[in-house]
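So that the names make sense, note that chain A is the first sequence line, chain B the second, and so on, each numbered from 1.
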2 protein chains.
Amino acid sequence: MSADLDPEEFRRLGHAVVDWIADHRAGLEKLPVQTGVEPGWVRAQLPAALPEDPAPLQDLLDTVDRVVVPASTLWQHPRFFGYFPANASLHSLLGDVLSGALGAQGMLWSTSPATTEVEQVLLDGFAAALGLDPAFTFAGGGGGCIQDSASSAALVALLAALHRASPGWRETGATGAERVYVTSETHSSLAKAVRVAGLGARALRVVDTAPGSLAMSPDALAAAQRDDVAAGLRPVLVCATVGTTGTGAVDPVRAVAGVAREHGAWVHVDAAWAGVAALCPEFRHLLDGVELADSFATNAHKWLLTAFDAGLLWVRHADALPAALSITPEYLRNAASESGAVVDYRDWQVPLGRRFRALKLWAVVHGTGLSGLRSHLREHVALAADLADRVRADPLFELGAEPSLALVCLRVVTGAGPEADDAATREVLTRVNASGEAFLTHTVAGGRYVIRVAIGSVSTGPEHVDQLWQRLRSEAVAVVGQVSP
Amino acid sequence: MSADLDPEEFRRLGHAVVDWIADHRAGLEKLPVQTGVEPGWVRAQLPAALPEDPAPLQDLLDTVDRVVVPASTLWQHPRFFGYFPANASLHSLLGDVLSGALGAQGMLWSTSPATTEVEQVLLDGFAAALGLDPAFTFAGGGGGCIQDSASSAALVALLAALHRASPGWRETGATGAERVYVTSETHSSLAKAVRVAGLGARALRVVDTAPGSLAMSPDALAAAQRDDVAAGLRPVLVCATVGTTGTGAVDPVRAVAGVAREHGAWVHVDAAWAGVAALCPEFRHLLDGVELADSFATNAHKWLLTAFDAGLLWVRHADALPAALSITPEYLRNAASESGAVVDYRDWQVPLGRRFRALKLWAVVHGTGLSGLRSHLREHVALAADLADRVRADPLFELGAEPSLALVCLRVVTGAGPEADDAATREVLTRVNASGEAFLTHTVAGGRYVIRVAIGSVSTGPEHVDQLWQRLRSEAVAVVGQVSP
């Protein structure tokens, strides 16, 4: 007797779970985006020991309602404006549960051919839809794959770069001379990657941004590389960011890539959040110069309606990652791999095991079409432009950085100087979040505290941005009233 | 207008997908476990370009039926005996889709408290249920987390070990003197991890197995460490395996840990497949000595009914992974993290983003109880013991290694010597797989080709093992008849 549900029981319980989800999503707007639970509150609600006996699904759903939802930040809420969005669209859930149902492992082509080939087709299709150079497609000699995150994409790009820079790397490891170039605005995953890859933090060169900007200065990069090479060091990778996490700044990819190539460094373009915007021709200029890069990453699980995890990574040479990462024990040997006619995606990533993640991405593009994806992106960019206009027009606020796509950074203006503005901005953010009506996060840009408004949740519409704005205004009135009565 | 499904449309389509899954699982037994598609077949069936317009879900389901299922290896099939099982139970799918519906990011406690605390509660609960030393629980100063795979668990254990061995590691990276100890039977993820971590393959010391066994020799480990230390090298990690991938061999963890500690090496126990068996008291002896280890990994997504990915990792010191991996940019700063009162799981892994994977594991243990999990494991071990008895009793077969839990390695006996037996064994495996009736993989043990029969799919029962055995026998009769007519 199987320990699993009988398919007919699953049919009944699966319908109940689908109903729970439909009700949850339909009711989301009425819930606070987050409540202020204390550390340990969730643990205190749950039994410490695992249950000895099975219990009905309804008990679990009740606990989810009673404990999990109130102690979750509701990232799918239409008034979630924090971090970057993490679009878990209902389309993508349909594909994701199908993937679980098939339950195939895609580590090798031979362990389940469709798992690999559907991913290849989709990644080639998205490369074309984003306007990437055909060199990034399998047909063009490169290829794409789905990573769990842009962090992992950056790590494997670095490993491929290390291997390319020094063919002895697989055997003898890092030499201590490798250098990796970023800016202060580059995602922290690069700082993590140099440590994971055994280079240590000293390998990370933080290149200056151009004056008055948060984008990398190609001149500063050139100088840093020149100094390093003169000191016997080895530029191995330059990370150019399209849409930084803090403020959405865009490094000049074409110029950066030109400089990077002078010393043979790998150019990785991290467009984790912003890259998907290139589906719209009017935003494709953001990817200018990416055709000169060695790898390009953008996440379908941020703004492109696909439930985490679905980090898309393309490389210019299909053998770059396998050359760095492939290892074949006897139990994984198979005729297809040895024929060279197939892609074994385990060699494109750190883990061996691999879920059929392409199915959720496929369900999204199938259910929305590219036209639907473009509408989704355009609507949020338009809402951000409206919000930025309101900020500009309101003496209580100012922009904290140039708006970038659907990200607006703003500050409260007290009239009592920048330190007072910092404090007031922080206080407004705290009050908005405490209200439960919306959720915001912050960054520091140009040394000043700013509120980030990242528009992009699956169901965010004009009314939600309007509600946020009204709340921001009323809190700012209250706070600024306190600052300068 | 949202690009996503309306909740009521989702309700309707979600029911349809659940019905598809129920029908698929109910009909699985009648399908071939795999068909022999050629490389490129799937790609040729699908349009190269992404669709411009949305299309009905039913079209996608039809394509899945027509293209994906026939070109997938059906890992959930009751006659899938390859690799190790990848149990995607229907229980776990219910939890997984709930996780997607909440769509929370658990990178920090503060980004969604329940996501972190439910995982802590479950990992503490599983530690107790497995009989792990309380030091591995949060209450005991250690703690557990869910990784995507045992590969990633081994990598982060190695990173923690490198940091512990040399506090300068985060700043200056690998020195070239680090050494990592495995055997020829250790999972290839360790060979990958030393490369990823920038140590290079030379850092990997392959320690001899004990004579007549496939388990690590503590004496050989002691000698290797001694030689390395004398040569100025630094033992940083020893990986002991409980249940090797090839044959299920078990390294003597207690003795290995004792030797490893002489030079301060981190002891990582990789029990990816076999570790979960310790839920049954009668198999708990497999984990003897784990209380001396620094980290312990076992996968709920192999044999424990939880859809990939759910690799469980425990460490003895809760600060070990954050000490190696934590990096905090401004946009991730928050009061809860700075209070020290919470766990931020991003610091326990390479990626920043993090899905609520605990929910699928919770759905499993909630739906089956520990009693159901134990029955699941025990049934497969009993089936393996029966199969091993049949192998022993049949002159056409011999065991290729000692049976281990639910893994039976067998060879065909031709009477014409070991080379002929190798060839016949390989031919029988090819024929069984080509039949579509069952799916098997191989390894090489003691220099000889062996068929691995890994019993453990969600719905595998006695009748399926019996069908496999009948097929193995009839193919062996045919093949051996050819070899020695």
Side-chain angles (χ1 to χ4, degrees), chain A residues 2-5 7 10-11 14 18 21-22 25-26 39 42-43 46 50 53-54 60 68 71-73 76 88-90 93 97 100-101 103 112-114 117 121 125 149 151 171-174 188 197-200 307 327 329-331 341-342 351-353 366 368-369 372 376 443-444 458-459, chain B residues 2-5 7 10-11 14 18 21-22 25-26 39 42-43 46 50 53-54 60 68 71-73 76 88-90 93 97 100-101 103 112-114 117 121 125 149 151 172-174 188 197-201 307 327 329-331 341-342 351-353 366 368-369 372 376 443-444 458-459:
Chain A
S2 169
D4 198 11
L5 291 167
F10 173 77
R11 194 186 305 270
V18 165
I21 295 170
R25 289 287 177 105
V42 175
R43 302 195 73 176
L46 302 175
L50 301 181
D53 298 312
L60 182 67
V68 173
S72 291
T73 305
Q76 307 309 314
S89 75
L90 295 169
L93 300 194
V97 70
S112 194
E117 293 197 18
V121 170
S149 64
S151 300
E171 183 54 33
T172 55
S188 57
L199 309 183
I327 292 167
E330 181 63 32
Y331 48 79
V342 300
L352 173 60
H366 179 89
T368 63
H376 173 72
T443 194
V444 169
V458 166
S459 57
Chain B
S2 169
D4 198 11
L5 291 167
F10 173 77
R11 194 186 306 270
V18 165
I21 295 170
R25 289 288 176 104
V42 174
R43 303 195 74 175
L46 301 175
L50 301 182
D53 298 311
L60 181 66
V68 174
S72 291
T73 306
Q76 306 310 314
S89 75
L90 295 169
L93 300 194
V97 70
S112 194
E117 293 197 19
V121 170
S149 63
S151 300
T172 55
S188 57
L199 309 182
I327 292 168
E330 181 63 31
Y331 47 79
V342 300
L352 173 59
H366 179 88
T368 63
H376 173 71
T443 194
V444 168
V458 166
S459 57

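- By number of non-hydrogen pairs under 4.5 angstrom with chain B, the leading residue of A:Leu46, A:Leu50, A:Thr368 is A:Leu50.
- Interface summary for chain B: among A:Pro113, A:Ser459, A:Ala88, A:Gly372, the most heavy-atom pairs under 4.5 angstrom belong to A:Pro113.
- For B:Thr443, the parts lying under 4.5 angstrom from a heavy atom of chain A are both the backbone and the side chain.
- Both the backbone and the side chain of B:Leu60 come within less than 4.5 Å of a heavy atom of chain A.
- Ranked by heavy-atom pairs under 4.5 Å with chain A, the list B:Gly353, B:Ala341, B:Ala174, B:Ala71 is led by B:Ala71.
- Contact tally against chain B (heavy-atom pairs below 4.5 Å) for A:Ala101, A:Gly125, A:Ser188: the top residue is A:Ala101.
- The choice from A:Gln76, A:Arg43, A:His376 that makes the most heavy-atom pairs within less than 4.5 Å of chain B is A:Arg43.
- Proximity to chain B is limited to the side chain of A:Ser149, based on heavy atoms less than 4.5 angstrom apart.
- Heavy-atom pairs under 4.5 Å with chain B peak, among A:Ala197, A:Pro54, A:Gly103, A:Gly200, at A:Pro54.
- In this structure the side chain of A:Arg25 never reaches within 4.5 angstrom of the side chain of B:Leu5, judged on heavy atoms.
- With chain A as the partner, the residue from B:Gly14, B:Ser72, B:Ala307, B:Ala201 showing the most heavy-atom pairs under 4.5 Å is B:Ala201.
- Between chain A and the residues B:Thr73, B:Val458, B:Leu90, the largest count of heavy-atom pairs under 4.5 Å involves B:Leu90.
- Heavy-atom distances place the side chain of A:Ser151, and not its backbone, under 4.5 Å from chain B.
- Interface remark: A:Val342 contributes side-chain atoms only to the contact with chain B (heavy atom separation under 4.5 Å).
- Top candidate by heavy-atom pairs under 4.5 Å with chain B, chosen from A:Asp53, A:Val68, A:Leu352, A:Val18, is A:Val18.
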